[in-house]
There are 2 protein chains.
Amino acid sequence: MADQVGGPAQVVLTASVARRYYLDGRSKVEIAEEFGLSRFKVARLIDAARDSGLVRIEIRHQGVIDVELSAHVQDRFGLQHAIIVDTPDDHAESLRQHLGRAAAELLSEVITPRDVLGLAWARSVSAMAKTLPRLPGIPVIQLTGALSLPNDDDSSVDAVRDVARASGGRAYLFYAPFTVPDATTARALRQQPEVARAFDQLGLVTKAVVGVGLWECGQSTLYDAAEERDRRALRHLGVCADISGVFVSADGETVKTDLAERMIGITAEQLRAIPEVIAIPYGTAKAPAVRAALRSGLVSGLVTHTALAHALLDNG
Amino acid sequence: MADQVGGPAQVVLTASVARRYYLDGRSKVEIAEEFGLSRFKVARLIDAARDSGLVRIEIRHQGVIDVELSAHVQDRFGLQHAIIVDTPDDHAESLRQHLGRAAAELLSEVITPRDVLGLAWARSVSAMAKTLPRLPGIPVIQLTGALSLPNDDDSSVDAVRDVARASGGRAYLFYAPFTVPDATTARALRQQPEVARAFDQLGLVTKAVVGVGLWECGQSTLYDAAEERDRRALRHLGVCADISGVFVSADGETVKTDLAERMIGITAEQLRAIPEVIAIPYGTAKAPAVRAALRSGLVSGLVTHTALAHALLDNG
DNA sequence: CAGGTCATCGCTCAAATGAGCAGGAGGTGT
DNA sequence: ACACCTCCTGCTCATTTGAGCGATGACCTG
């Protein structure tokens with residue numbers, strides 16, 4: 001890698017040849033004729049130019065996406081897509097907006113007119129829905145009920161409606177809570193025409209966007225909304241992450257729970273049947289949950305920020 | 001050139017492919033197999049990566065040589081060699097040393113065991129001789145007499161002796177002034193055994209190093225040493241530059257002068273017969289003289305500094 | 001919904017390129 | 001001086017790559 005090109009005349013010649021080749025896009029044969037050299041000599045000069053560092057090639061992106069890190073994460077976890085946004089993560093709201101925008105761009109890029117889109121309830125999914133510019137006219141299916149949050153004007157329904165409006169396709173939405181006190185109520189709700197109609201479409205969903213929660217206080221809206229009994233029960237069952245209501249252990253196994261019977265939402269089997277599931281997690285604290293989600297194989301796409309990506313790689 | 005790569009997934013894919021291709025040196029076919037693409041797709045991604053600026057290729061040299069400028073000058077004036085040294089030009093002595101070092105490197109690079117080297121009298125040639133590391137055992141011929149300079153311990157003879165010592169070859173040197181008062185004395189001096197022996201070799205010289213002076217006060221040691229009559233006479237003859245005693249007009253024509261008969265040195269014809277003549281001019285004021293010298297075709301190699309190179313190109 | 005327009009894709013064929021090899025020049029040690 | 005050694009050069013042949021083409025599909029418009 002040290003400058004081993006030779007004397008100054010050699011350096012100048014090498015630089016000229018390298019310029020013609022890399023910057024002007026000439027072929028080595030052309031260059032050989034121009035300089036009166038053999039094409040082999042030209043090839044060796046160019047090799048020397050690269051080895052010596054006289055030619056420097058760098059790949060970088062001036063946008064907010066860290067392409068190297070994205071590729072690394074994608075490769076490391078065998079994902080179909082990984083978008084790592086280089087953004088400060090001190091403010092949750094702005095972070096969510098940035099990730100939402102990136103996810104919206106990703107979605108509008110990968111969606112085709114033949115797709116059927118599923119949306120789970122999550123604040124990051126809502127953020128995405130708001131910045132989504134325009135989609136082909138595809139059906140949009142609501143995957144889960146909604147949890148009402150204090151200081152929050154979004155709901156799962158809004159996201160589905162927003163996206164369906166952007167696409168011009170049909171919206172399968174319903175108004176129902178994510179969790180109810182008992183299994184009977186849940187069954188009854190699932191019989192509701194709107195809910196049933198949406199859930200009938202679940203098998204057709206080809207792409208979905210979900211959130212990921214860590215089964216700890218403040219790291220999952222589902223956890224925060226649950227009763228203490230359920231929190232403990234699931235923790236004892238080894239639940240580490242919830243993927244929009246589907247529970248997963250630290251080693252990536254799905255976990256069957258009683259709570260599931262009291263929920264209005266997609267099941268683990270149905271989620272696994274979706275070819276592409278994009279998650280939009282944020283916050284380094286969630287790293288164990290994201291790791292579990294990635295291990296489970298339920299998630300095939302990831303949109304997140306650099307800090308969480310590094311956390312994933314450091315101990316992944 | 002604007003980012004026209006597509007969405008974020010595309011950007012990440014393109015970056016990965018570009019990395020594999022440019023940084024890891026994989027073939028496009030390999031990359032295509034690895035990513036499950038056609039090799040055409042890979043090629044188009046790589047093209048897009050270059051066009052969009054995602055891949056940036058730059059050619060630069062961390063040494064003192066400005067390779068781009070050197071190549072430009074070499075091309076512009078059709079030179080065999082051009083070495084432009086990027087060095088501050090406020091101090092003549094340090095400038096001379098830098099150019100001398102560069103010229104020494106150039107010379108030791110281009111000289112072969114079959115060459116016969118000619119050295120003219122010039123301070124820059126002396127500077128070169130001092131830093132010359134080692135050469136093949138070749139003959140070294142003194143091309144001109146010497147001018148004694150105040151505050152200067154060098155002479156043409158020293159340079160020839162230094163270089164001959166570095167090469168281990170034979171030195172054809174003599175002790176004579178560059179100019180004498182009358183033609184008769186000059187003829188007599190040329191009959192001197194040492195001088196005659198050196199001049200007999202002139203036809204064999206294959207490479208020479210010379211200085212270039214501008215025919216103005218302070219820009220040519222020959223001018224400064226000349227009498228006022230000669231200064232004016234040559235100016236009226238249109239002399240612009242002196243190339244180690246060979247006079248050239250601004251449009252590059254050699255100029256016959258009376259002064260030439262009173263000089264001990266190489267003639268225009270003899271100089272032209274030398275396949276490679278390297279000049280080491282410095283100081284932006286000399287730009288017109290250097291231009292004249294390059295136009296004359298007598299000089300085929302140039303070692304100088306960035307400021308003079310820019311001056312040459314600006315109005316060349 | 002039909003037809004036009006545009007971009008994208010993968011193909012063919014010829015040119016460009018790389019890996020490895022043999023010959024030769026220059027340098028070196030005995 | 002001689003043999004040896006190493007570096008450099010240009011070659012052959014197989015692989016890689018690029019230019020241009022037709023087909024496909026998405027989007028636009030009437």
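Proteins get letters first, then strands, A, B, ... in listed order; numbering begins at 1 in each. On a predicted model such as this, the values are computed, not experimentally measured, just so you know. Both backbone and side-chain heavy atoms feed into the values below; hydrogens, waters and symmetry mates do not.
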B:Lys28 side chain near D:dG18 phosphate (N/O to OP1/OP2, under 4.0 Å):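 For B:Lys28, the contact criterion (side-chain N or O under 4.0 Å from OP1 or OP2 of D:dG18) is met.
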Main chain of [Y], side chain of [X]: is a donor-acceptor contact present, judged purely on distance under 3.5 Å?
X: B:Ser124; Y: B:Ile280; value: yes
X: B:Arg60; Y: A:Gly53; value: yes
X: A:Ser167; Y: A:Ile138; value: yes

Between CZ on residue B:Arg19 and CD on residue A:Glu68, distance to nearest 0.5 Å: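 Reported value, rounded in 0.5 Å steps: 4.0 Å.
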5' precedence on DNA chain D between A:Arg114 and B:Val29 (nearest-nucleotide basis):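 With A:Arg114 and B:Val29 compared, the 5'-side residue is B:Val29.
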Give every pair of a protein N or O atom and an N or O atom of nucleotides 11-14 of chain D that lie under 3.5 Å apart, one pair per line with the distance.
none

Closest heavy-atom pair and its distance - A:Ala18, B:Ile59: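 The answer is C-CD1, 3.4 Å.
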Nearest heavy atoms of A:Ala82 and A:Ser70, plus distance in Å: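 Residues A:Ala82 and A:Ser70, closest heavy atoms: O-CB, 3.3 Å.
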Stacked cation flag A:Arg170 on A:Tyr172, 6.0 angstrom / 45 deg: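 Output yes; distance and angle both within limits.
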salt_bridge(A:Asp158, A:Arg161) N-O dist < 4.0 Å: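 Salt bridge present between A:Asp158 and A:Arg161.
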Could you state the atom-to-atom distance from [atom1] of [X] to [atom2] of [N] in whole Å?
X: B:Glu30; N: D:dT17; atom1: CD; atom2: C1'; result: 14 Å
X: B:Lys41; N: D:dG18; atom1: NZ; atom2: P; result: 16 Å
X: B:Ile31; N: D:dT15; atom1: CD1; atom2: C1'; result: 15 Å
X: A:Arg26; N: D:dG18; atom1: CZ; atom2: P; result: 15 Å

Toward the 5' end of DNA chain C, by each residue's nearest nucleotide, A:Asp47 or B:Pro113: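 Closest to the 5' end, via its nearest nucleotide, is A:Asp47.
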Boundaries of the chain B footprint along DNA chain C (any atom under 4.0 Å from a heavy atom):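 So the contact region on DNA chain C extends C:dC9 to C:dG26.
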